[in-house]
There are 2 protein chains.
Amino acid sequence: MPKNCNFVEKLREVGLRPTKQRIKMCEVLYNREKTFHFTINDLVKMISEKMNEKISLATVYNTVHAFEKKGYLKEISIDSQKSYFDTNTSAHHHFFDEDTHELIDCDESDIDKINIKKNITGKKINSVEVLVRVASDNQTQK
Amino acid sequence: MPKNCNFVEKLREVGLRPTKQRIKMCEVLYNREKTFHFTINDLVKMISEKMNEKISLATVYNTVHAFEKKGYLKEISIDSQKSYFDTNTSAHHHFFDEDTHELIDCDESDIDKINIKKNITGKKINSVEVLVRVASDNQTQK
DNA sequence: CAATAGTTTAGAATTATTATAATGTAGATT
DNA sequence: AATCTACATTATAATAATTCTAAACTATTG
């Protein structure tokens with residue numbers, strides 16, 4: 001979703017009603033220079049900080065999942081009990097900083113094309129994701 | 001951990017007391033031909049099915065985490081709310097079947113060595129994991 | 001502008017996991 | 001082999017993330 005676009009139209013295009021709450025969430029998520037990563041908790045905080053009115057937690061969950069289903073958000077797998085989401089929905093990989101629990105984008109160009117020699121009969125590949133775990137250089141790792 | 005090994009000695013070697021519960025869990029996890037994947041829930045079921053006595057849920061969690069810390073188990077990242085564990089602790093990648101929620105091993109030899117061109121200053125790479133999501137070939141994917 | 005189908009909401013319910021604190025036990029010391 | 005002590009186990013409570021529920025609300029259709 002590009003910057004400053006008409007969120008009302010965007011939402012309507014994919015069959016989501018442009019409600020006040022969804023438009024607010026679009027503004028928080030997409031009215032910015034760069035894509036970013038967040039947890040639901042992060043998002044709730046951002047909304048309550050930047051907006052004068054609050055959005056119910058259930059709505060935040062609903063809307064994030066609706067956006068994910070429509071391809072406006074991507075979920076990122078980390079071995080945490082939390083879900084991370086990414087407003088960058090293009091194919092790309094991630095670094096995960098185990099010290100800070102921060103996710104960092106890794107362009108496709110930063111990793112050579114991955115060639116998978118094995119295949120599962122009757123199954124097609126939906127995605128290939130690389131997760132590079134990093135941690136501080138100068139101390140013992142977990 | 002090889003098959004039929006002396007679990008008492010193995011546990012002692014890394015500084016874990018060979019308790020009745022830990023030995024039982026070793027038997028369930030390692031007395032078998034092949035390595036496998038499981039969730040805590042799977043494991044609890046397996047224990048109560050195969051054993052005549054039960055092990056407390058808290059102990060299962062504690063022991064799985066103790067084994068993980070000692071390198072007897074590896075945790076696998078999936079965008080689920082559950083944690084998956086793998087008795088294959090060698091470096092390898094995974095397929096995740098989105099239909100059945102099954103994890104399938106993928107040898108290092110099945111994927112060419114991954115070369116990461118980007119690096120994060122002050123951080124060292126702990127691991128590089130590839131997750132290949134697959135789903136049924138003949139229907140619409142999520 | 002009324003009907004209706006989709007949305008929002010607060011709060012309850014659920015699920016996975018961790019914390020607590022009392023009891024039990026392995027291994028060392030006598 | 002009795003005792004000590006640190007580590008383990010246990011049932012249960014607590015926490016945290018997420019989903020469910022059912023009533024109130026609202027965007028769109030007719």
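Letters A, B, ... mirror the listed sequences (proteins, then strands); counts begin at 1. Basis for what follows: all heavy atoms, side chains included, without hydrogens, waters or symmetry-related copies.
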Would you say a side-chain N or O of [X] is under 4.0 Å from OP1 or OP2 of [N]?
X	N	result
B:Arg22	D:dT9	yes
B:Tyr61	C:dT18	no
B:Arg12	C:dA26	no
A:Lys82	C:dA16	no
B:Lys20	C:dG24	no
A:Thr63	C:dT7	no
B:Gln21	C:dT25	no
A:His65	D:dT18	no
B:Thr19	D:dT9	yes

Could you work out how much the helix from C:dC1-D:dG30 to C:dT30-D:dA1 bends, comparing the axis of its first five pairs with that of its last five, to 10°? 20°
Round to a whole Å and report the spacing from [atom1] of [X] to [atom2] of [N].
X	N	atom1	atom2	result
B:Arg17	C:dA26	CZ	C1'	5 Å
A:Met25	C:dT9	CE	C1'	15 Å
B:Phe7	C:dA26	CZ	P	18 Å
B:Asn62	C:dG24	CG	C1'	15 Å
A:Lys69	C:dG6	NZ	P	12 Å
A:Leu16	C:dT7	CG	P	6 Å
A:Glu75	D:dA17	CD	P	15 Å
B:Leu11	D:dT9	CG	P	10 Å

Which nucleotide sits closest to the side chain of A:Leu57: D:dT18, C:dT17, D:dC7? D:dT18
Would you say the side-chain atoms of [X] pair up with the backbone N or O of [Y], donor to acceptor, closer than 3.5 Å?
X	Y	answer
A:Thr87	A:Phe36	yes
A:Lys118	B:Ser109	no
B:Arg22	B:Arg17	yes
B:His37	B:Leu103	yes

Hey, would you say the A:His101 and A:Phe96 ring centroids sit under 6.0 Å apart? yes
Starting from B:Val130, can I reach B:Ile76 by hopping between I/L/V/M/F/W/Y residues whose side chains sit under 4.5 Å apart? no
Is there a side-chain hydrogen bond (donor to acceptor under 3.5 Å, both in side chains) between A:Asn88 and A:Ser90 once you walk through the steps? CA-CA 6 Å; A:Asn88 178 357; A:Ser90 71; 2.7 Å; yes
Contact check, side chains of A:Met25 and A:Leu43, non-hydrogen atoms, under 4.5 Å: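 Side-chain contact under 4.5 Å: yes.
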In terms of the nearest nucleotide of DNA chain C, which residue is placed more toward the 5' end: B:Pro18 or B:Ala58? B:Ala58
Identify, residue by residue, the members of residues 39-49 of chain A with a heavy atom below 4.0 Å from DNA chain C, and return them in order of residue number, or none. none
Please determine if B:Arg32 forms a cation-pi arrangement with B:Tyr30, meaning its NZ or CZ atom is less than 6.0 Å from the six-membered ring centre and no more than 45° off the ring axis. no
Enclosure of A:Lys34 NZ (heavy-atom neighbours >12, cutoff 6.0 Å):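 12 or below, so no.
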